[in-house]
Number of protein chains: 2
Amino acid sequence: MTTGFDTYLRTGTNLNDADIEQIVLAAKPLSLQRGEALLQHGQICRHKTFIVNGLLRIYGFGADGSEHILYFAPENNWAVEPESYHQQSPSQFTIAAVERSEVLVWTKPDFDRLLQHIPELTVLSEQLINRSHINNRQRLFSTLSATAEEKYEDFVRSFPDLLPRLPLHMIAAYLGISLKTLTRIRHAQVRR
Amino acid sequence: MTTGFDTYLRTGTNLNDADIEQIVLAAKPLSLQRGEALLQHGQICRHKTFIVNGLLRIYGFGADGSEHILYFAPENNWAVEPESYHQQSPSQFTIAAVERSEVLVWTKPDFDRLLQHIPELTVLSEQLINRSHINNRQRLFSTLSATAEEKYEDFVRSFPDLLPRLPLHMIAAYLGISLKTLTRIRHAQVRR
DNA sequence: ATGAATTATGGTCAAATGACCATAATTTCG
DNA sequence: CGAAATTATGGTCATTTGACCATAATTCAT
């Protein structure tokens, strides 16, 4: 059941079995239907989430109502809205399932308690935020500097596994280009 | 001399005077001419930097050689290239002075030593990375969702103090638009 | 103060992109 | 399986944006 999470912790951290058991016990498993939201924009992000299987996305709405995707979180990843979670303030972004997904959630109080009892979990948390920070910088730079075509090629290179799981309009919303442009790029590439 | 840094620490943290003295003693002051680089792209980021006064920028080069700016660091801010600093790997980005600047630098070993001795400094570091993370997400979302004009207006609203200190081509390089587009936007706004 | 460098603006044209619409293909789920 | 929804593609046209160039204004450093 939570097997994926167990092995994630066992292989990716220095947590011992007792710690892992504690962490797992504090989690609540949850199933999400395709399209179902875990966090609605405007709500407060009260949980930390681990995706056991499936695929979530974090997205927000532009001034004109259009969707723009900050992040795809597939299995064996975490999903939170950091600002909302950290400050317990209304979230600007929505977290929802792209595919039917199985996740584990911890309430913030529960997770904070775990962090106090298990120093190694703090180490993991910091690793995660560091990685996320570095990834965001890379992404920001790519968004600033690359052409639409380069962005798409980067995406394909970086997330070959996600490609067949995502509708093109979501990839476009992630890259910051229109669906039309994305279709054009793919068309041009086929002809080469 | 390092007064700006002292008051930054005293008013922004819970560090006590002894700690502050230790931190200041480990720092090396440095002057940078306009345009002078603190870290060249390709080099390893070996220092943590605090800007006492002046203004730095962190930028990288696109595939075509064009410059794109990730971040402006004015006085009372920190500047590092996180990935390069953390892993001591070659930096993709350059840190250079926009204005003549006075900075304080700590070598990584020295700063790590301070972190071990002064828990409160770790608290500060985590705050900084959290803030930076949240800012980057916001920026990314704005870059994805906003029009060129909205981006410029956001910038003006967010950094009114930086506006008169930056040449327009740098603001354009920060916003991810061409200088021409930025000029057009400003022209249109004047006429309203 | 002054010459050199940088910066800001504008014109013109081509290219890239998006909005809107229609349609076909595919997928989803009861 | 079959109907409904979603997804992918393409056409057309208007708009935005960028590249390239010239010029004026401003700022910089000695």
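Below, read A as the first sequence line, B as the second, and so on, with proteins coming before strands; counting in each chain starts at 1.
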- [ ] Would you kindly give the CD1-to-P distance between Ile185(B) and dA8(C), to the nearest whole Å?
- [x] 15 Å

Open item on the list: Is the distance between the ring centroids of Tyr8(B) and Phe50(B) under 6.0 Å?
Closed with: yes

- [ ] Just report the end-to-end axis angle for the helix from dA1(C)-dT30(D) to dG30(C)-dC1(D), five pairs per end, to 10 degrees.
- [x] 80°

TODO: Scan side-chain atoms only and decide if Glu102(A) and Ser31(A) contain a donor-acceptor pair under the 3.5 Å cut-off.
DONE: yes

Task: Sole candidate of Val156(B), Leu168(B), Ile171(B), Thr181(B) that passes side-chain contact (heavy atoms from CB on, under 4.5 Å) when paired with Arg186(B) - done: Leu168(B)

TODO: Consider only side-chain N and O atoms of Ser132(A) and Asn135(A), and report whether a donor and an acceptor are under 3.5 Å apart.
DONE: no

Task: Ring center gap for Tyr85(B) and Trp106(B) short of 6.0 angstrom - done: no

- [ ] To the nearest Å, give me how far apart CZ (Arg100(A)) and C1' (dT28(C)) are.
- [x] 10 Å

Task: Centroid-centroid under 6.0 Å between Phe61(B) and His41(B) rings - done: yes

Open item on the list: Measuring to OP1 and OP2 of dT9(D), would you say a side-chain N or O of His187(A) lies under 4.0 angstrom away?
Closed with: no

Task: Arg139(B) charged N/C atom sitting above Tyr174(B) aromatic ring, 6.0 Å / 45° - done: yes

Open item on the list: Tell me whether the side-chain N/O atoms of Arg186(A) come closer than 4.0 Å to OP1 or OP2 in dA8(D).
Closed with: no

Open item on the list: Check this one for me: any side-chain N or O of Arg34(B) less than 4.0 Å away from OP1 or OP2 of dT27(D)?
Closed with: no

Open item on the list: Using a 4.0 Å heavy-atom cut-off, does Arg184(B) contact any base of the nucleic acid, only the sugar-phosphate backbone, or nothing at all?
Closed with: base

- [ ] May I have the distance from Leu182(B) (atom CG) to dT16(D) (atom P), rounded to whole angstrom?
- [x] 16 Å

- [ ] Provide, to the nearest angstrom, the distance between the CG atom belonging to Leu163(A) and the P atom belonging to dT7(D).
- [x] 15 Å

Open item on the list: Using ring centroids (six-membered ring only for Trp), state whether Phe141(B) and Phe93(A) fall under 6.0 Å.
Closed with: yes

- [ ] Under 4.0 Å from any atom of DNA chain C, heavy atoms only: list the residues of residues 164-181 of chain B that qualify, in numerical order.
- [x] Pro167(B), Leu168(B), His169(B), Leu179(B), Lys180(B)

Open item on the list: Without decimals, in angstroms, what is the distance between Gln33(A) CD and dT27(C) P?
Closed with: 20 Å

Open item on the list: Rounded to whole Å, please give me the gap between OH in Tyr152(A) and C1' in dA16(C).
Closed with: 18 Å

TODO: Hydrophobic side-chain clustering at under 4.5 Å (ILVMFWY, transitive links): who's grouped with Ile129(B)? Put none if nobody.
DONE: none

TODO: Find the distance Leu144(B):CG to dG18(C):P and express it as a whole number of Å.
DONE: 12 Å

